[in-house]
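To start, the structure itself, in structure tokens.
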Amino acid sequence: TLTEGAARFDSEFFSRSLRNIGARDSGGGAYHALIGTLEQVAITTAISVPFGLLVAVYIVEYGRGRLAATIRFFVDVMTGIPSIVAGLFVLSFWILGLGQGFSGFAASLALTVLMLPVIVRASEEMLKLVPDVLREASYALGVPRWKTILRIVLPTALPGIVTGIMLAIARVAGETAPVLLTAFGAASINNDPFNGPQSSLSLYVFQQAGEAQSTAVDRAWTAALTLILVVMTLNLVARLLTRRTRLQR
């Protein structure tokens, strides 16, 4: 990927879109796809992380009986859902049923279906690893359960939770089928994820690699390299934040 993607790894690739650029043209870039990926992943994370953490906290700290078992069952079912099924669900419900149209936000909804169970499962396992001694000591001092969760349990499990979130982001950032069915893809720059078709790096790779021309394939290689670097950067930032949190504690 480094060897093949380095050929087009230049400023033009990150500052131009594919508007009025054909498969045989040597110019063009993936600026519109990079913007789409960052916006879609950011929206997906903003929806999935708070909701996923709340579900995990309920299962571990409060969940008892049939309701908790039902939630665990549906989380397990969602974990095994193929990505194209998530895209078809949003396509049929949000786009065709409600008539909202193709957009980056629709793609984010489909990616949320894939990201949510990963965050719930990862957070649940990390919360279970927190020693009960810490909880009991906090309760013995008269600290309410909700404050114990916020001040003791979550900070202790934070490094593992952040790692799970990064793994979930890495998964959804490379999904193609849900984005193809919901965002549809566009050759022009669209900075508004709530209005109109929008591309992504994974969809860009899929479309350019399908062309028979070498110039398009070169763009696909460079977009693949860019996607890898984006995921690596997110992981490095998460590691630095986790290390900083440990040092402060």
Side-chain angles (χ1 to χ4, degrees), residues 37-38 40-83 85-86 108-175 178 227-249:
T37 294
L38 295 178
Q40 293 164 23
V41 171
I43 295 174
T44 302
T45 305
I47 297 174
S48 301
V49 171
F51 189 66
L53 284 177
L54 288 175
V55 173
V57 168
Y58 172 78
I59 292 175
V60 176
E61 303 294 335
Y62 296 96
R64 299 292 186 274
R66 183 175 299 178
L67 179 58
T70 302
I71 293 176
R72 288 191 183 96
F73 172 76
F74 280 107
V75 170
D76 291 337
V77 171
M78 291 178 64
T79 303
I81 291 178
S83 60
V85 175
S108 298
L109 293 179
L111 296 177
T112 299
V113 177
L114 302 174
M115 188 177 187
L116 186 60
V118 178
I119 293 179
V120 173
R121 271 304 179 199
S123 302
E124 180 186 358
E125 295 302 322
M126 291 302 105
L127 292 175
K128 287 181 179 179
L129 293 177
V130 177
D132 290 334
V133 176
L134 297 178
R135 297 181 176 89
E136 294 170 357
S138 180
Y139 298 153
L141 294 174
V143 180
R145 173 176 287 188
W146 66 269
K147 186 172 290 187
T148 299
I149 295 172
L150 290 178
R151 299 292 181 86
I152 304 297
V153 178
L154 287 178
T156 303
L158 183 61
I161 292 175
V162 172
T163 301
I165 292 173
M166 289 300 103
L167 290 175
I169 291 176
R171 180 193 175 184
V172 300
E175 291 290 347
L227 183 58
I228 293 174
L229 294 176
V230 168
V231 174
M232 287 180 60
T233 302
L234 291 174
N235 278 274
L236 289 175
V237 171
R239 294 292 183 182
L240 292 175
L241 292 176
T242 303
R243 181 178 300 177
R244 183 177 180 180
T245 303
R246 287 177 175 174
L247 293 176
Q248 290 178 349
R249 291 178 59 201

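Every heavy atom of this structure was used, including side-chain atoms; hydrogens, water molecules and symmetry mates were not.
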- Message: Among V77, T70, I71, which residue satisfies the side chain to side chain contact (heavy atoms under 4.5 Å, CB included) criterion with F73?
- Response: V77
- Message: When you compare the side chain of L154 with that of L127, does any pair of heavy atoms fall below 4.5 Å?
- Response: yes
- Item | Rounded distance [0.5 Å steps], CD1 in I169 versus OG1 in T45 | 3.5 Å
Which donor-acceptor pairs under 3.5 Å do side chains of residues 108-116 form with protein atoms, sequence neighbours excluded?
unit_1, atom_1, unit_2, atom_2, d
S108, OG, Q40, O, 3.1
S108, OG, G104, O, 3.1
T112, OG1, S108, O, 2.7

Mind listing the side-chain donor-acceptor pairs of residues 46-55 below 3.5 Å, one per line with the distance, residues two or more places apart or on another chain?
unit_1, atom_1, unit_2, atom_2, d
S48, OG, T44, O, 2.9

- Inter- and intrachain pairs under salt bridge (Lys or Arg N to Asp or Glu O under 4.0 Å), touching residues 69-79, at least two apart: R72-E124, D76-R121
- Task: Starting at CD of E136, measure out to CD1 of I152 and round the result to the nearest 0.5 Å.
- Result: 13.0 Å
- Task: Report the C-alpha separation of V120 and I59 in whole Å, then their side-chain angles, then the decisive distance to 0.1 Å, and conclude whether the side chain to side chain contact (heavy atoms under 4.5 Å, CB included) test is met.
- Result: CA-CA 9 Å; V120 173; I59 292 175; 4.3 Å; yes
- Task: Would you please name every residue forming a side-chain contact (heavy atoms from CB on, under 4.5 Å) with A122, sequence neighbours left out?
- Result: none
- Message: Minimum heavy-atom separation for A86 and I81, please, with both atom names.
- Response: N-CG2, 4.2 Å
- Qualifying salt bridge (Lys or Arg N to Asp or Glu O under 4.0 Å) pairs with a residue from residues 228-238, counting only residues at least two apart or across chains: none
- Query: What distance separates T163 OG1 from L158 CG, expressed to the nearest 0.5 Å?
  - Reply: 9.0 Å
- Note on the structure: Scanning both residues in full, the closest heavy-atom pair of P117 with T79 reads CB-OG1, 3.5 Å
- Message: More than 12 heavy atoms of other residues, nucleotides or ligands under 6.0 Å from OH of Y62: yes or no?
- Response: yes
Per-pair distances, 0.1 Å, donor-acceptor, side chain in residues 139-151, under 3.5 Å, sequence neighbours excluded:
unit_1, atom_1, unit_2, atom_2, d
R145, NH1, E61, O, 3.1
T148, OG1, S138, OG, 2.7
T148, OG1, P144, O, 2.9

- Message: Give me the atom names and distance for the closest heavy-atom approach of V130 to R135.
- Response: O-NH1, 2.9 Å
- Item | Worked verdict on L134 versus V153 for side chain to side chain contact (heavy atoms under 4.5 Å, CB included) | CA-CA 8 Å; L134 297 178; V153 178; over 6 Å; no
